[in-house]
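Have a look at the structure below, then the notes.
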2 protein chains.
Amino acid sequence: MSAQPTAVSATQQRAAAPAGISAGIERLEATELAAEIEFLTARARSLGSGRANRMLADLDLKVRSYSVLSLACSGENPSQRELADFLSLDPSQIVSLVDQLEKRGAVTREADPRDRRSKVITATAAGRRLYQEASAVVRESEARSLRALDEAERETLRGLLRRVAFDNGD
Amino acid sequence: MSAQPTAVSATQQRAAAPAGISAGIERLEATELAAEIEFLTARARSLGSGRANRMLADLDLKVRSYSVLSLACSGENPSQRELADFLSLDPSQIVSLVDQLEKRGAVTREADPRDRRSKVITATAAGRRLYQEASAVVRESEARSLRALDEAERETLRGLLRRVAFDNGD
DNA sequence: AATTAATAATTGACTTTCTCAATGATATAG
DNA sequence: CTATATCATTGAGAAAGTCAATTATTAATT
(Lines give C-alpha, C1' and ligand atoms only; values in the text may rest on other atoms or scores of the structure.)
Protein backbone atom coordinates (compact mmCIF):
# COMPACT_ATOMS: atom_id res chain seq x y z
CA MET A 1 0.00 0.00 0.00
CA SER A 2 2.57 2.57 1.09
CA ALA A 3 4.23 3.43 -2.19
CA GLN A 4 5.29 6.85 -1.11
CA PRO A 5 9.01 7.22 -1.66
CA THR A 6 9.86 7.66 -5.35
CA ALA A 7 9.28 11.00 -7.04
CA VAL A 8 10.52 14.40 -6.16
CA SER A 9 9.14 16.15 -3.13
CA ALA A 10 6.82 19.00 -3.80
CA THR A 11 9.32 21.29 -2.17
CA GLN A 12 12.11 20.27 -4.48
CA GLN A 13 9.78 20.67 -7.40
CA ARG A 14 8.84 24.18 -6.58
CA ALA A 15 12.35 25.17 -5.69
CA ALA A 16 13.20 24.46 -9.30
CA ALA A 17 10.50 26.81 -10.57
CA PRO A 18 11.40 30.38 -11.51
CA ALA A 19 11.58 32.22 -8.23
CA GLY A 20 8.86 34.76 -7.69
CA ILE A 21 6.31 33.22 -10.02
CA SER A 22 4.19 31.22 -7.62
CA ALA A 23 6.07 33.00 -4.87
CA GLY A 24 4.88 33.34 -1.36
CA ILE A 25 2.69 30.35 -1.04
CA GLU A 26 5.46 27.84 -0.46
CA ARG A 27 6.09 29.68 2.77
CA LEU A 28 2.62 28.62 3.86
CA GLU A 29 3.25 24.97 3.12
CA ALA A 30 4.95 24.66 6.46
CA THR A 31 1.80 25.64 8.37
CA GLU A 32 -0.51 23.39 10.35
CA LEU A 33 -3.26 23.93 7.83
CA ALA A 34 -1.11 22.57 5.03
CA ALA A 35 -0.76 19.33 6.97
CA GLU A 36 -4.49 18.76 7.24
CA ILE A 37 -5.74 16.05 4.96
CA GLU A 38 -9.05 17.83 4.55
CA PHE A 39 -7.32 20.98 3.38
CA LEU A 40 -5.12 19.08 0.96
CA THR A 41 -8.14 17.26 -0.37
CA ALA A 42 -9.97 20.52 -0.91
CA ARG A 43 -7.03 22.12 -2.66
CA ALA A 44 -6.39 19.09 -4.84
CA ARG A 45 -9.98 18.92 -5.94
CA SER A 46 -10.21 22.65 -6.56
CA LEU A 47 -7.20 22.59 -8.86
CA GLY A 48 -8.24 19.34 -10.45
CA SER A 49 -11.84 20.19 -11.15
CA GLY A 50 -10.87 23.66 -12.29
CA ARG A 51 -8.61 22.15 -14.92
CA ALA A 52 -11.16 19.50 -15.89
CA ASN A 53 -13.87 22.11 -16.29
CA ARG A 54 -11.68 24.22 -18.53
CA MET A 55 -10.77 21.23 -20.65
CA LEU A 56 -14.36 19.97 -20.86
CA ALA A 57 -15.65 23.36 -21.96
CA ASP A 58 -15.00 22.38 -25.59
CA LEU A 59 -17.57 19.62 -25.25
CA ASP A 60 -20.01 21.87 -23.44
CA LEU A 61 -19.70 19.80 -20.33
CA LYS A 62 -18.59 20.42 -16.79
CA VAL A 63 -17.37 17.90 -14.26
CA ARG A 64 -20.90 17.73 -12.93
CA SER A 65 -22.64 16.93 -16.17
CA TYR A 66 -19.81 14.62 -17.17
CA SER A 67 -20.30 12.68 -13.95
CA VAL A 68 -23.99 12.23 -14.56
CA LEU A 69 -23.30 11.19 -18.12
CA SER A 70 -20.69 8.74 -16.97
CA LEU A 71 -23.09 7.05 -14.57
CA ALA A 72 -25.78 7.07 -17.23
CA CYS A 73 -23.33 5.13 -19.42
CA SER A 74 -22.41 2.68 -16.70
CA GLY A 75 -25.10 0.13 -17.36
CA GLU A 76 -26.24 0.41 -13.78
CA ASN A 77 -29.31 2.42 -14.75
CA PRO A 78 -29.22 4.75 -11.78
CA SER A 79 -32.24 6.67 -10.55
CA GLN A 80 -31.98 10.37 -9.90
CA ARG A 81 -31.99 9.75 -6.19
CA GLU A 82 -29.03 7.43 -6.56
CA LEU A 83 -27.20 9.98 -8.66
CA ALA A 84 -27.81 12.58 -5.95
CA ASP A 85 -26.50 10.32 -3.20
CA PHE A 86 -23.52 9.18 -5.16
CA LEU A 87 -22.49 12.61 -6.36
CA SER A 88 -23.28 14.30 -3.03
CA LEU A 89 -25.73 16.65 -4.69
CA ASP A 90 -29.22 17.78 -3.86
CA PRO A 91 -31.93 15.97 -5.82
CA SER A 92 -32.99 19.28 -7.31
CA GLN A 93 -29.55 19.76 -8.78
CA ILE A 94 -29.83 16.41 -10.48
CA VAL A 95 -33.08 17.50 -12.04
CA SER A 96 -31.43 20.34 -13.89
CA LEU A 97 -28.33 18.37 -14.81
CA VAL A 98 -30.50 15.65 -16.32
CA ASP A 99 -32.67 18.28 -17.97
CA GLN A 100 -29.67 19.64 -19.83
CA LEU A 101 -28.34 16.27 -20.86
CA GLU A 102 -31.78 15.14 -21.94
CA LYS A 103 -32.30 18.33 -23.93
CA ARG A 104 -29.17 17.67 -25.93
CA GLY A 105 -30.14 14.09 -26.50
CA ALA A 106 -27.43 12.49 -24.41
CA VAL A 107 -29.62 10.70 -21.88
CA THR A 108 -33.16 9.50 -21.43
CA ARG A 109 -35.35 9.65 -18.35
CA GLU A 110 -37.82 6.84 -17.91
CA ALA A 111 -40.08 5.87 -15.07
CA ASP A 112 -38.80 2.77 -13.35
CA PRO A 113 -41.46 0.08 -13.97
CA ARG A 114 -40.83 -1.35 -10.51
CA ASP A 115 -41.29 2.02 -8.81
CA ARG A 116 -42.89 4.59 -10.98
CA ARG A 117 -41.90 7.39 -8.66
CA SER A 118 -38.30 7.09 -9.67
CA LYS A 119 -36.80 7.84 -13.04
CA VAL A 120 -34.06 5.76 -14.54
CA ILE A 121 -31.37 7.70 -16.37
CA THR A 122 -29.79 6.01 -19.36
CA ALA A 123 -27.39 7.28 -21.99
CA THR A 124 -28.42 7.35 -25.64
CA ALA A 125 -26.07 6.27 -28.41
CA ALA A 126 -25.14 9.92 -28.87
CA GLY A 127 -24.60 10.20 -25.14
CA ARG A 128 -22.23 7.27 -25.20
CA ARG A 129 -20.26 8.82 -28.02
CA LEU A 130 -20.07 12.08 -26.11
CA TYR A 131 -18.92 10.17 -23.07
CA GLN A 132 -16.12 8.54 -25.03
CA GLU A 133 -14.77 11.93 -25.97
CA ALA A 134 -15.29 13.44 -22.55
CA SER A 135 -13.73 10.49 -20.86
CA ALA A 136 -10.53 10.95 -22.84
CA VAL A 137 -10.46 14.61 -21.91
CA VAL A 138 -10.96 13.82 -18.24
CA ARG A 139 -8.23 11.21 -18.31
CA GLU A 140 -5.88 13.76 -19.81
CA SER A 141 -6.86 16.30 -17.19
CA GLU A 142 -6.36 13.80 -14.40
CA ALA A 143 -2.97 12.86 -15.80
CA ARG A 144 -1.87 16.46 -15.62
CA SER A 145 -3.16 16.97 -12.13
CA LEU A 146 -1.42 13.85 -10.93
CA ARG A 147 1.83 14.40 -12.73
CA ALA A 148 3.69 14.44 -9.42
CA LEU A 149 2.79 10.79 -8.77
CA ASP A 150 3.95 7.67 -10.53
CA GLU A 151 1.57 4.89 -11.44
CA ALA A 152 2.00 2.90 -8.25
CA GLU A 153 1.43 5.99 -6.16
CA ARG A 154 -1.71 6.78 -8.07
CA GLU A 155 -3.05 3.33 -7.32
CA THR A 156 -2.27 3.80 -3.65
CA LEU A 157 -3.99 7.15 -3.64
CA ARG A 158 -7.00 5.76 -5.43
CA GLY A 159 -7.36 2.96 -2.90
CA LEU A 160 -7.08 5.24 0.10
CA LEU A 161 -9.44 7.83 -1.29
CA ARG A 162 -11.94 5.19 -2.19
CA ARG A 163 -12.14 4.09 1.39
CA VAL A 164 -12.44 7.64 2.67
CA ALA A 165 -15.06 8.49 0.07
CA PHE A 166 -17.22 5.46 0.80
CA ASP A 167 -16.72 4.81 4.46
CA ASN A 168 -17.11 8.30 5.69
CA GLY A 169 -18.37 8.02 9.23
CA ASP A 170 -21.61 8.53 11.14
CA MET B 1 -19.87 6.32 12.94
CA SER B 2 -18.52 4.53 15.95
CA ALA B 3 -14.82 3.89 15.50
CA GLN B 4 -14.59 1.08 13.06
CA PRO B 5 -11.45 -0.83 14.00
CA THR B 6 -9.02 -0.68 11.18
CA ALA B 7 -9.34 -1.14 7.52
CA VAL B 8 -12.72 -2.61 6.75
CA SER B 9 -13.53 -2.31 3.11
CA ALA B 10 -16.21 0.12 2.20
CA THR B 11 -18.14 -2.71 0.66
CA GLN B 12 -18.16 -4.74 3.83
CA GLN B 13 -19.23 -1.65 5.74
CA ARG B 14 -22.22 -0.96 3.67
CA ALA B 15 -23.20 -4.55 3.36
CA ALA B 16 -23.54 -4.55 7.13
CA ALA B 17 -25.81 -1.51 7.12
CA PRO B 18 -29.58 -1.97 7.22
CA ALA B 19 -30.49 -2.80 3.67
CA GLY B 20 -32.30 -0.01 1.89
CA ILE B 21 -30.94 2.85 3.97
CA SER B 22 -27.97 3.98 1.95
CA ALA B 23 -29.08 1.46 -0.61
CA GLY B 24 -28.35 1.75 -4.27
CA ILE B 25 -25.18 3.66 -4.23
CA GLU B 26 -22.88 0.74 -3.59
CA ARG B 27 -24.01 -0.55 -6.96
CA LEU B 28 -22.41 2.52 -8.48
CA GLU B 29 -19.09 1.93 -6.80
CA ALA B 30 -18.22 -0.52 -9.55
CA THR B 31 -18.49 2.14 -12.25
CA GLU B 32 -15.67 3.82 -14.12
CA LEU B 33 -16.47 7.11 -12.44
CA ALA B 34 -15.93 5.62 -9.02
CA ALA B 35 -12.40 4.69 -10.04
CA GLU B 36 -11.44 8.24 -10.97
CA ILE B 37 -9.18 9.88 -8.46
CA GLU B 38 -10.71 13.25 -9.19
CA PHE B 39 -14.17 11.97 -8.43
CA LEU B 40 -13.05 10.31 -5.23
CA THR B 41 -11.28 13.48 -4.19
CA ALA B 42 -14.39 15.52 -4.81
CA ARG B 43 -16.59 13.13 -2.88
CA ALA B 44 -14.19 12.87 0.02
CA ARG B 45 -13.90 16.61 0.33
CA SER B 46 -17.65 17.13 0.01
CA LEU B 47 -18.37 14.71 2.84
CA GLY B 48 -15.47 15.97 4.90
CA SER B 49 -16.11 19.65 4.59
CA GLY B 50 -19.81 19.10 5.07
CA ARG B 51 -19.12 17.46 8.40
CA ALA B 52 -16.53 20.06 9.39
CA ASN B 53 -18.91 22.88 8.58
CA ARG B 54 -21.64 21.35 10.69
CA MET B 55 -19.27 20.84 13.60
CA LEU B 56 -17.76 24.32 13.31
CA ALA B 57 -21.17 25.97 13.29
CA ASP B 58 -21.07 26.13 17.10
CA LEU B 59 -18.08 28.44 16.85
CA ASP B 60 -19.65 30.50 14.11
CA LEU B 61 -17.00 29.39 11.68
CA LYS B 62 -16.92 27.54 8.42
CA VAL B 63 -14.04 25.66 6.88
CA ARG B 64 -13.27 28.77 4.88
CA SER B 65 -13.03 31.18 7.77
CA TYR B 66 -11.26 28.57 9.86
CA SER B 67 -8.63 28.22 7.15
CA VAL B 68 -7.98 31.93 7.04
CA LEU B 69 -7.81 32.04 10.83
CA SER B 70 -5.41 29.14 10.86
CA LEU B 71 -3.04 30.85 8.46
CA ALA B 72 -3.37 34.08 10.41
CA CYS B 73 -2.20 32.13 13.46
CA SER B 74 0.69 30.50 11.64
CA GLY B 75 3.26 33.15 12.29
CA GLU B 76 3.87 33.46 8.57
CA ASN B 77 2.00 36.76 8.36
CA PRO B 78 0.36 36.05 5.04
CA SER B 79 -0.96 38.79 2.78
CA GLN B 80 -4.44 38.56 1.35
CA ARG B 81 -3.01 37.70 -2.02
CA GLU B 82 -1.11 34.82 -0.50
CA LEU B 83 -4.24 33.62 1.26
CA ALA B 84 -6.10 33.71 -2.03
CA ASP B 85 -3.43 31.72 -3.83
CA PHE B 86 -3.03 29.21 -1.07
CA LEU B 87 -6.73 28.64 -0.51
CA SER B 88 -7.58 28.70 -4.23
CA LEU B 89 -9.99 31.56 -3.73
CA ASP B 90 -10.59 34.80 -5.54
CA PRO B 91 -8.99 37.82 -3.82
CA SER B 92 -12.44 39.33 -3.40
CA GLN B 93 -13.54 36.32 -1.39
CA ILE B 94 -10.62 36.86 0.94
CA VAL B 95 -11.73 40.42 1.47
CA SER B 96 -15.03 39.36 2.92
CA LEU B 97 -13.62 36.47 4.93
CA VAL B 98 -11.10 38.81 6.52
CA ASP B 99 -13.81 41.42 7.02
CA GLN B 100 -15.81 38.98 9.09
CA LEU B 101 -12.88 37.78 11.15
CA GLU B 102 -11.70 41.32 11.69
CA LYS B 103 -15.18 42.42 12.72
CA ARG B 104 -15.25 39.80 15.45
CA GLY B 105 -11.80 40.76 16.60
CA ALA B 106 -10.06 37.55 15.60
CA VAL B 107 -7.57 39.02 13.13
CA THR B 108 -6.00 42.32 12.23
CA ARG B 109 -5.26 43.74 8.81
CA GLU B 110 -2.20 45.93 8.53
CA ALA B 111 -0.41 47.43 5.59
CA ASP B 112 2.87 45.67 4.96
CA PRO B 113 5.59 48.27 5.62
CA ARG B 114 7.68 46.80 2.81
CA ASP B 115 4.85 47.00 0.33
CA ARG B 116 2.02 49.15 1.42
CA ARG B 117 -0.29 47.78 -1.23
CA SER B 118 -0.58 44.50 0.55
CA LYS B 119 -2.19 43.85 3.90
CA VAL B 120 -0.74 41.45 6.39
CA ILE B 121 -3.29 39.33 8.24
CA THR B 122 -2.45 38.42 11.80
CA ALA B 123 -4.48 36.75 14.51
CA THR B 124 -5.25 38.58 17.73
CA ALA B 125 -5.02 36.89 21.13
CA ALA B 126 -8.74 36.23 20.91
CA GLY B 127 -8.25 34.87 17.43
CA ARG B 128 -5.64 32.46 18.67
CA ARG B 129 -7.94 31.25 21.42
CA LEU B 130 -10.71 30.77 18.88
CA TYR B 131 -8.30 28.87 16.68
CA GLN B 132 -7.39 26.54 19.52
CA GLU B 133 -11.02 25.57 19.93
CA ALA B 134 -11.69 25.37 16.22
CA SER B 135 -8.60 23.33 15.62
CA ALA B 136 -9.76 20.70 18.09
CA VAL B 137 -13.14 20.56 16.37
CA VAL B 138 -11.52 20.16 12.98
CA ARG B 139 -9.24 17.42 14.23
CA GLU B 140 -12.25 15.57 15.55
CA SER B 141 -14.08 16.04 12.28
CA GLU B 142 -11.09 14.82 10.32
CA ALA B 143 -10.78 11.80 12.57
CA ARG B 144 -14.35 10.86 11.82
CA SER B 145 -13.98 11.32 8.11
CA LEU B 146 -10.84 9.23 8.07
CA ARG B 147 -12.06 6.51 10.33
CA ALA B 148 -11.53 3.96 7.59
CA LEU B 149 -7.78 4.53 7.62
CA ASP B 150 -5.21 3.66 10.24
CA GLU B 151 -2.48 6.08 11.24
CA ALA B 152 0.10 4.85 8.75
CA GLU B 153 -2.42 5.04 5.94
CA ARG B 154 -3.32 8.57 6.91
CA GLU B 155 0.32 9.57 6.69
CA THR B 156 0.60 7.99 3.28
CA LEU B 157 -2.52 9.79 2.13
CA ARG B 158 -1.27 13.08 3.52
CA GLY B 159 2.02 12.74 1.68
CA LEU B 160 0.42 11.85 -1.64
CA LEU B 161 -2.18 14.58 -1.43
CA ARG B 162 0.41 17.12 -0.50
CA ARG B 163 2.26 16.45 -3.69
CA VAL B 164 -0.88 16.59 -5.79
CA ALA B 165 -2.03 19.76 -4.08
CA PHE B 166 1.26 21.59 -4.54
CA ASP B 167 2.64 20.23 -7.76
CA ASN B 168 -0.45 20.42 -9.83
CA GLY B 169 0.75 20.73 -13.38
CA ASP B 170 1.06 23.42 -16.03
C1' DA C 1 12.63 62.46 -12.63
C1' DA C 2 8.67 61.53 -15.19
C1' DT C 3 6.00 58.40 -17.36
C1' DT C 4 4.35 53.83 -17.98
C1' DA C 5 3.24 49.38 -16.62
C1' DA C 6 2.21 46.08 -13.04
C1' DT C 7 0.25 44.47 -8.59
C1' DA C 8 -2.74 44.45 -4.10
C1' DA C 9 -7.01 45.26 -2.14
C1' DT C 10 -11.57 46.58 -2.73
C1' DT C 11 -16.25 47.12 -4.64
C1' DG C 12 -20.06 45.85 -7.30
C1' DA C 13 -22.49 43.22 -10.78
C1' DC C 14 -23.58 39.03 -12.36
C1' DT C 15 -23.73 33.89 -12.64
C1' DT C 16 -23.68 29.52 -10.64
C1' DT C 17 -24.25 26.51 -6.94
C1' DC C 18 -26.35 25.26 -2.55
C1' DT C 19 -30.12 24.53 0.61
C1' DC C 20 -34.77 24.03 1.77
C1' DA C 21 -39.58 23.88 1.85
C1' DA C 22 -43.75 22.78 -0.70
C1' DT C 23 -46.26 19.81 -4.15
C1' DG C 24 -48.05 15.90 -6.78
C1' DA C 25 -47.50 11.17 -7.87
C1' DT C 26 -46.71 6.77 -6.27
C1' DA C 27 -45.54 3.28 -2.98
C1' DT C 28 -45.53 0.98 1.69
C1' DA C 29 -47.29 0.17 6.42
C1' DG C 30 -50.74 -0.15 9.75
C1' DC D 1 -58.11 2.03 3.09
C1' DT D 2 -56.11 5.36 5.52
C1' DA D 3 -51.74 7.24 7.04
C1' DT D 4 -47.01 7.71 6.20
C1' DA D 5 -42.93 7.79 3.45
C1' DT D 6 -40.30 8.47 -0.87
C1' DC D 7 -39.23 10.34 -5.57
C1' DA D 8 -39.00 13.98 -8.77
C1' DT D 9 -40.00 18.59 -9.47
C1' DT D 10 -40.44 23.59 -8.74
C1' DG D 11 -39.23 27.80 -6.84
C1' DA D 12 -37.15 31.00 -3.46
C1' DG D 13 -33.43 32.72 -1.03
C1' DA D 14 -28.50 32.31 0.65
C1' DA D 15 -23.92 31.36 -0.35
C1' DA D 16 -20.11 30.90 -3.39
C1' DG D 17 -17.70 31.78 -7.61
C1' DT D 18 -16.26 34.95 -11.51
C1' DC D 19 -15.01 39.08 -13.48
C1' DA D 20 -14.26 43.89 -14.60
C1' DA D 21 -13.34 48.47 -12.83
C1' DT D 22 -11.10 51.54 -9.25
C1' DT D 23 -7.62 53.26 -6.11
C1' DA D 24 -3.23 53.08 -3.99
C1' DT D 25 1.15 51.82 -4.39
C1' DT D 26 5.33 49.87 -6.38
C1' DA D 27 8.46 48.58 -10.22
C1' DA D 28 10.23 49.37 -14.80
C1' DT D 29 11.40 52.30 -18.72
C1' DT D 30 12.78 56.11 -20.72
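Chain naming here is simple, since letters A, B, ... match the order of the sequence lines and numbering starts at 1 in each.
- Note: CG (B:L97) to C1' (D:dA16) measures 10 Å, nearest angstrom.
- Rounded to an integer number of Å, the gap from CG of B:D112 to P of C:dT7 is 17 Å.
- Ranking D:dT18, D:dA8, C:dT26 by closeness to the A:R116 side chain, first place goes to C:dT26.
- Counting any heavy atom pair closer than 4.0 Å across all strands shown, A:L89 reaches sugar-phosphate atoms only and no base atom.
- Nucleic acid contact class of A:R109 (heavy atoms, under 4.0 Å, all strands): sugar-phosphate only.
- The side chain of B:D90 approaches D:dC19 more closely than any other nucleotide in the set C:dC18, D:dC19, D:dA8.
- Distance A:R54 CZ to D:dG17 C1': 14 Å, rounded to the nearest Å.
- What separates CD of A:E110 from P of C:dA25 is a distance of 21 Å, to the nearest Å.
- With hydrogens and angles ignored, no donor-acceptor pair closer than 3.5 Å exists between the side chain of A:S92 and the base of C:dC18.
- We find that A:R129 and A:E133 are not joined by a salt bridge, their nearest charged nitrogen and carboxylate oxygen being 4.0 Å or further apart.
- Heavy-atom nearest nucleotides on DNA chain C were determined for B:Q93 and for A:P113, and the one closer to the 5' end corresponds to B:Q93.
- The CG atom of B:N53 sits 12 Å away from the C1' atom of D:dA16 (whole-angstrom rounding).
- The NZ atom of A:K119 sits 11 Å away from the C1' atom of C:dT26 (whole-angstrom rounding).
- Between B:R139 and B:S135, the side chains place a donor N or O and an acceptor N or O closer than 3.5 Å (distance only, hydrogens not considered).
- For A:R117, counting side-chain heavy atoms from C-beta on, the closest listed nucleotide (D:dA5, C:dT10, C:dT17) is D:dA5.
- At C:dT17, one or more side-chain N or O atoms of A:K62 fall inside 4.0 Å of OP1 or OP2 (strictly under the cut-off).
- In this structure, the nucleotide among C:dA8, D:dA8, D:dA5 sitting nearest to the side chain of B:R81 is C:dA8.
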Passes ring-ring contact (aromatic ring centres under 6.0 Å, His included), A:Y66 versus B:F39? Steps please. CA-CA 11 Å; A:Y66 161 79; B:F39 164 73; 9.9 Å; no
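- When rounded to the nearest whole Å, the span between CG of A:L83 and P of D:dA8 equals 8 Å.
- Contacts of B:D115 with the nucleic acid, taken as non-hydrogen atoms under 4.0 Å apart, involve only primed sugar atoms and P, OP1 or OP2.
- In this entry the distance linking CG of A:D99 with P of D:dA8 reads 13 Å, nearest Å.
- Salt bridge annotation for A:D99-A:K103: absent, with no cationic side-chain nitrogen under 4.0 angstrom from a carboxylate oxygen.
- No salt bridge links B:R154 with B:E142; every basic N to acidic carboxylate O contact stays at or beyond 4.0 Å.
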